[in-house]
Novice: 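Please see the structure below; I have some questions.
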Amino acid sequence: MSRLLFAALAVAGSLAASEAALTAQDCEKIPVPTDESSGLPLFSVRFSDTETGTCTVECDAKPKPDSKLVIGCTAFADGVIAAMGKADLSPDKYCQKTELEYPGKKAGETDPEMVVQSCPEWFLYMGWDRNLNRTLGNMRQEVVLKTPSAVDAFKKILPSPGHVVV
């Protein structure tokens, strides 16, 4: 009987995983608002054809070296973390947060160079590439959305179509 139970669980798990797979169309349906301060898109979205398919949303405060500052991007990570928590997609039991301290930080201070939060349905990266000044304009923030539930939670923090982000 235990073999039958194991087989049933394996089949159910694979069905759940296939139901959670994202497609390029799922990523294309994530609306990209315009940042009011710069007139630029707030973030970019791309599909990653991994084993299950994911949507990567990247919010760079300065998408190009000569770009204006995308001010709406400055609180991106905070918004994502709050949205995933509100959607109950950040269970402490299954999520991990790791901070890597800047090598030149002062003793007794917290000065993260990179912050990574990994949960079953989403993954967030925030930090600076080496050899760049650690300014707001050089910060990279990316969230990988792994399931339709994570995509839906992310969409809930976006302004309605036609509105700009202040």
Novice: How is the hydrophobic cluster of Phe47 composed, in terms of its other members, when Ile, Leu, Val, Met, Phe, Trp and Tyr link through side-chain heavy atoms under 4.5 Å apart, directly or indirectly?
Specialist: none

Novice: Do the side chains of Leu132 and Met114 join up, straight or via other hydrophobic residues, at under 4.5 Å, putting them in one cluster?
Specialist: no

Novice: Got a sec, which pairs hit disulfide (SG to SG under 2.5 Å) with one end in residues 81-115, sequence neighbours left out?
Specialist: Cys95-Cys119

Novice: Taking only residues two or more places apart in sequence, or in another chain, which ones meet Glu113 in a salt bridge (charged side-chain N to carboxylate O under 4.0 Å, His left out)?
Specialist: Arg130

Novice: Which pair of non-hydrogen atoms, one from Cys27 and one from Thr54, has the smallest distance, and what is that distance?
Specialist: SG-O, 3.7 Å

Novice: List in chain and number order the residues that pass side chain to side chain contact (heavy atoms under 4.5 Å, CB included) with Arg140, two or more places apart in sequence or in another chain; answer none if no residue qualifies.
Specialist: Glu58, Asp60, Tyr125, Asp129, Glu142

Novice: Please list, chain by chain and in numerical order, all residues satisfying side chain to side chain contact (heavy atoms under 4.5 Å, CB included) with Lys64, sequence neighbours excluded.
Specialist: Asp66, Ser67

Novice: Kindly list each side-chain donor-acceptor pair under 3.5 angstrom involving residues 69-90, sequence neighbours excluded, with atom names and distances?
Specialist:
residue: Thr74; atom: OG1; partner: Ile71; partner atom: O; Å: 2.8

Novice: Would you compute the distance between atom CG of Leu42 and atom OG1 of Thr34 and round it to the nearest 0.5 angstrom?
Specialist: 8.5 Å

Novice: By side chain to side chain donor-acceptor pair (under 3.5 Å), which residues pair with Gln25, not counting sequence neighbours?
Specialist: Thr23

Novice: Strictly by ring pair (Phe, Tyr, Trp, His ring centres under 6.0 Å), give each pair with a member in residues 79-107 just once, sequence neighbours left out.
Specialist: none

Novice: Walk me through it: do Ser48 and Val144 pass the test side chain to side chain contact (heavy atoms under 4.5 Å, CB included)?
Specialist: CA-CA 9 Å; Ser48 297; Val144 178; over 6 Å; no

Novice: What are the two closest non-hydrogen atoms of Lys68 and Pro63, and how far apart are they?
Specialist: O-CD, 4.4 Å

Novice: Considering only Ile, Leu, Val, Met, Phe, Trp and Tyr, and joining two whenever side-chain heavy atoms are under 4.5 Å apart, list the other residues clustered with Val115.
Specialist: Met126, Trp128, Leu136, Met139

Novice: Is Val143 reachable from Ile30 through a run of hydrophobic residues whose side-chain heavy atoms are each under 4.5 Å from the next?
Specialist: yes

Novice: How long is the straight-line distance from CG of Leu124 back to CD of Gln117, given to the nearest 0.5 Å?
Specialist: 6.5 Å

Novice: The criterion is salt bridge (charged side-chain N to carboxylate O under 4.0 Å, His left out); which residues satisfy it with Glu99, sequence neighbours excluded?
Specialist: Lys97

Novice: Should the pair Asp111-Arg134 be classified as a salt bridge under the 4.0 Å nitrogen-to-oxygen rule?
Specialist: yes

Novice: Looking at Lys105, I'd like to know if its NZ atom is crowded, meaning that more than 12 non-hydrogen atoms belonging to other residues, nucleotides or ligands lie closer than 6.0 Å.
Specialist: yes

Novice: Please give me the minimum heavy-atom distance between Pro33 and Pro31, naming the atom from each residue.
Specialist: CD-O, 3.3 Å

Novice: Taking side chain to side chain contact (heavy atoms under 4.5 Å, CB included) as the test, write out the residues that go with Val32, two or more places apart.
Specialist: Pro41, Phe43, Val45

Novice: If you count the non-hydrogen atoms of other residues, nucleotides and ligands that lie under 6.0 Å from NZ in Lys62, is the total more than 12?
Specialist: yes

Novice: Residues in side chain to side chain donor-acceptor pair (under 3.5 Å) with Asp152, at least two apart?
Specialist: none

